[in-house]
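When reading the values below, keep in mind they use all heavy atoms of this one structure, side chains included, and skip hydrogens, waters and symmetry mates. Numbers restart at 1 for each chain; the letters A, B, ... are given by sequence-line order, proteins then strands.
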Amino acid sequence: MNLPPDPTATSEKTAAPRAHSAADRASVEERILAPLNEAQRRAVTTTEGPLLVLAGAGSGKTRVITHRIAWLIQHEGVAPWNILAVTFTNKAAAEMRDRLTEMIGDAARDVAMGTFHSLCARMLRRDGEAIGLPTGFNIYDADDQARVIKGFLKEDDLPATGETKPSLILGAISRAKNEGLSAEQMEDRAITHHEHLIARFAKRYAAEMRRLDALDFDDLLLEGLRLLREAPAVADRYRAKWHYLHVDEYQDTNRIQYGWVRELAMGRGNLCVVGDDDQSIYSWRGADIRNILDFERDWPTATIVPLEQNYRSTQTILDAAHGVVSNNEGRKAKKLWTERSGGHTIPVFGAFDQEDEAAWIVRRIEELTSARPGKAQEEAPTPHALSEIAILYRTNAQSRAIEEALLRAVVPYQLIGGTRFYQRREVKDALAWLRVLRNDADRISFERIINVPPRGIGEKTIELLRAADAARAEDGAGASYGSIVASAGTGELQGLSPRARTALAGVAAIVERLRSRLALVDLPELLDAVYSETGLRAHLAAEGVEGEERWANLLELRGIAGRFLELEPLDALDRFLEETALVADQDALEVDVDRVTLITLHAAKGLEWPAVFISGLTEGLFPHSRALEDREQMEEERRLCYVGITRAKARLYLSYALRRSWGAGDGAPSRFLEEIPEELLESANEDDPRTGEAAAFGRGARGFAAARGGIGGGGAWREGSGDVGAPDGSFRPSRDLEARRRAYGAGARSGSLHVPDADGIDELPDDEDGDLDAVRPVGRVPAWLANRFKGARESTQSDAPDTRTAQALPASGVRRVIVPGERTFRDGDRVRHARFGEGIVVTSRLTRSDEEVTIAFAGVGVKTLAASMAQLEVIG
DNA sequence: CACCTAGTACTTTTT
DNA sequence: GTACTAGGTG
């Protein structure tokens, strides 16, 4: 792999490539400017001084930055290493570099690019000593942070729930940090009891992080800023290095990031920021829309270039987006336009529940991806590739129902976000081993791996170690946690069982052995050593199928580590740990793979697809319930909706489910639906006999509002139309989603790292565990339909088991209807299974919508099967 | 000390 | 629907 150079390196370079002759310059102008419109050209050629590019969605923002950089290099003669571009994700940086390479060749390699977090991390690694920061710090993610806080809670004997829930405490600390407040300032400002509590935690947290030699995501930015402010020599070096600064997605920068950029831009003032206030969706993480709204005030000489021509979407889609976002008050008035007039109207589907909604989406996808003979030409566009389709939703939890439907229909997909590769337990364990090797003070990582694989070190032992560590901290003794582990192993710590002592000595020995190789072997080799020396490998080998899966992930990690071979071992380690800590969800997105993309609205920012589904448009979900009472938050939800809609190039589909499975009860159709001009929408509910239009769709008293009244209260639409958009009948219990993902190769949870090839899609897994029945996408009737069936059955007074089979029901392949709350198998029943032969029911357990039967089969062993799936015949 | 089970509490978005 | 905890057992 060709690794871009470290953007923070400040070594001297030779002369910049430059077009010398007038003819050369003319051809450069032609090449770089020709594809651009007037406004884009202005943005590209305005190279000196502050520049704000107000780039509406799809207006060629990335193109402007790329061409601007090319222009600087080839027309203005600026050296590539004098240019910095800050992007929102590493993926965006990589893409920009690729495009730039196409334009200007190898010189693109030397342009500095990265995210705020990665740039700060590099600078701190290199120069942190100038502000008293140890450069061997580890980077802590939310999980690591939570472990730190949980430690405090344990010391204080406080619950990790309610108002002392770690994520809440951390959220409050983070918010304060992003406002630039120190823990001490928090304490000074605290008024309520709770604020004092949080402030005290903040103080402790800061002190502990220092002791742990760790920086969290906020710290990277804060310390990065402090470095520029408090180490003038260092700051000057970077100012001398980067003459031209670019910031992409500027609307989502926070005050700290802004301060950091401003420090760098001081002097030359060549700062180009590109953003769209309508797409500001990260205020909850400190992004400050004032950065964009007040840019002119902060930089009075700034040039402002609005880009309002959209090259992505049809007019219909833009009008829909505008209809929504124009309801916001705090925005710079603007309206995008496009030459692509007209466009497909936007189908809106009101589903009964999430399954129903997902089934509808899958049907539309099947339409999109298959040619439809028999229809008129304009009705039958060329089929779409799966990779041209994305399904967007507000919360990660919503992906589940959609995944189920896609799995059932055997439609390959890639899921972005959710449980990420680097968050998987075994991957984090392996990385924690590396972090321990890197930094002896990293107690959190130590505690993570000290008993991985299990070696008899439990909570009690860890508590003793922590007490010893805390005691030394109070003495002001600088001993690292690692040295405490080591000394405990040699017998210096009282109160340990001999067994624990031996185990600790073992850990210390492993650490020492591995560390001795640290600077000598390359990263994949080091990981191999970690896997074998620690016993991880042997442990997973003994863990069956799940162990195999985990082991595969560890091999994957080793593969990723191979990207750093060209670096010195220690640099490679730092770089690897940094990149694994700072990967963005979006970085996992694969573009060259033919799969439907499932992604949150947030993560979809900056991306585009020919066909986009936005699902879950119900009040309380989207807009989210936490925004309902707060105007500012509501406006952000609206911007999020705007972002979602403008991801679509040609086709947009909207849907909502009136009944939600958890928590907040039933949802009314989202207000955003009402904000889209009606003539742009078309109902996808075709089966209401009363109105001839969508049952749950329309305007005014008869429309969305009627749908609101309809559900739960015995409203008209449900009775009148029967089962609106009845599910296609196939359904399976949601257990073991992970196993089925694997079976279909459908969803590496973190994309590029781990996606099996698409060819495996039609293969069913071996049935070693007897769970084939739970894997195969056989149909089952949804519980609400089954209930209805139950009523019918009772009225016939029939108890014959046959009536529980489902010939009469629409679903194909149904084996057995499970009536909620009723077991159909008793302990001791003799049953026959198509593959396993005869067996005896050991136990049976009811789940929400199914029955789990555990059966002992002669010669096969004990299997647990889903009654709705397994073809079980009672024989005695 | 590890493992299992049952019960409980909570459920946005992410670098 | 899950993530965590408490409490019991081996």
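For the pair A/D252 CG and B/dT14 C1', the interatomic distance rounds to 11 Å; values are reported in whole Å. When rounded to the nearest whole Å, the span between CD of A/E249 and P of B/dT15 equals 13 Å. The separation between A/K150 atom NZ and C/dA3 atom P is 11 Å, rounded to whole Å. Between the CD1 atom of A/I614 and the P atom of B/dT13 there is a distance of 17 Å, given to the nearest Å. Per the geometry, CD belonging to A/Q586 stands 8 Å off P belonging to B/dT15, to the nearest Å. Atom OH of A/Y250 is separated from atom P of B/dT15 by 21 Å (rounded to the nearest Å). Summarising the geometry, the separation between CG on A/N90 and C1' on B/dT15 is reported as 9 Å, rounded to the nearest angstrom. If you take CD of A/Q145 and C1' of B/dT15, they are 11 Å apart, rounded to a whole angstrom.
Screening residues 493-506 of chain A for salt bridge (Lys or Arg N to Asp or Glu O under 4.0 Å), with sequence neighbours left out, gives no hits.
Applying the side-chain hydrogen bond (donor to acceptor under 3.5 Å, both in side chains) rule to A/Y140 yields the partners A/D442; only residues at least two apart in sequence or on another chain are considered. Considering only residues two or more places apart in sequence or on other chains, A/D144 meets the side-chain hydrogen bond (donor to acceptor under 3.5 Å, both in side chains) condition with A/K428, A/R435. Contacts of A/R226 classified as side-chain hydrogen bond (donor to acceptor under 3.5 Å, both in side chains), with partners at least two apart in sequence or in another chain: A/E223, A/E230. Take A/S615 and apply the side-chain hydrogen bond (donor to acceptor under 3.5 Å, both in side chains) test, not counting sequence neighbours, and it matches no residue.
Phosphate proximity of B/dT14 to A/N396: present, with a side-chain N or O under 4.0 Å from OP1 or OP2. Contact between the side-chain N/O atoms of A/T395 and the OP1/OP2 oxygens of B/dT11 is not found at any separation under 4.0 Å. Residue A/N451 places at least one side-chain N or O under 4.0 Å from the OP1 or OP2 atom of B/dA2. For B/dT11, the OP1/OP2 oxygens have a side-chain nitrogen or oxygen of A/K165 closer than 4.0 Å.
Cation-pi geometry between A/R639 and A/Y642 is not met at under 6.0 angstrom from the ring centre and within 45 degrees of the axis. Judged by the 6.0 Å distance and 45° axis criteria, A/R125 is positioned over the aromatic ring of A/F137.
Counting only distance, with no hydrogens or angles, the side chain of A/E619 and the backbone of A/R671 share a donor-acceptor pair below 3.5 Å.
Between B/dT13, C/dT2, B/dC1, one nucleotide has an atom nearer to the side chain of A/R400 than all others, and that is C/dT2. In this structure, the nucleotide among B/dT11, B/dT15, B/dT13 sitting nearest to the side chain of A/W284 is B/dT13. Comparing B/dT11, B/dT12, B/dT15 by their nearest atom to the side chain of A/H624 picks out B/dT12.
Both A/R626 and A/T89 lie near DNA chain B, and the one whose nearest nucleotide falls closer to the 5' end is A/R626. With DNA chain B read from its 5' end, the first of the two nearest nucleotides for A/G456 and A/L582 is the one closest to A/G456.
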Shorter than 3.5 Å, N or O on both sides, protein versus nucleotides 8-10 of chain C: list them out with atom names.
none

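Side-chain to base pairing of A/R285 with B/dT15: no donor and acceptor N or O lie closer than 3.5 Å to each other. You'll find a donor-acceptor pair under 3.5 Å spanning the side chain of A/H602 and the base of B/dT13, going by distance alone.
Taking atom P on both B/dT13 and C/dC4, the two are 15 Å apart, rounded to the nearest angstrom. The gap from the P atom of B/dT14 to that of C/dA3 amounts to 16 Å, rounded to the nearest Å.
Across all strands, A/F116 comes closer than 4.0 Å to no nucleic acid atom at all (heavy-atom distances). Among the heavy atoms of the strands lying under 4.0 Å from A/I457 are primed sugar atoms or P, OP1, OP2 only; no base atom is included. Backbone-only contact: A/T461 has heavy atoms under 4.0 Å from sugar-phosphate atoms and none from a base.
Checking A/D277 against A/Q251 by side-chain atom types alone, no donor-acceptor pair falls below 3.5 Å.
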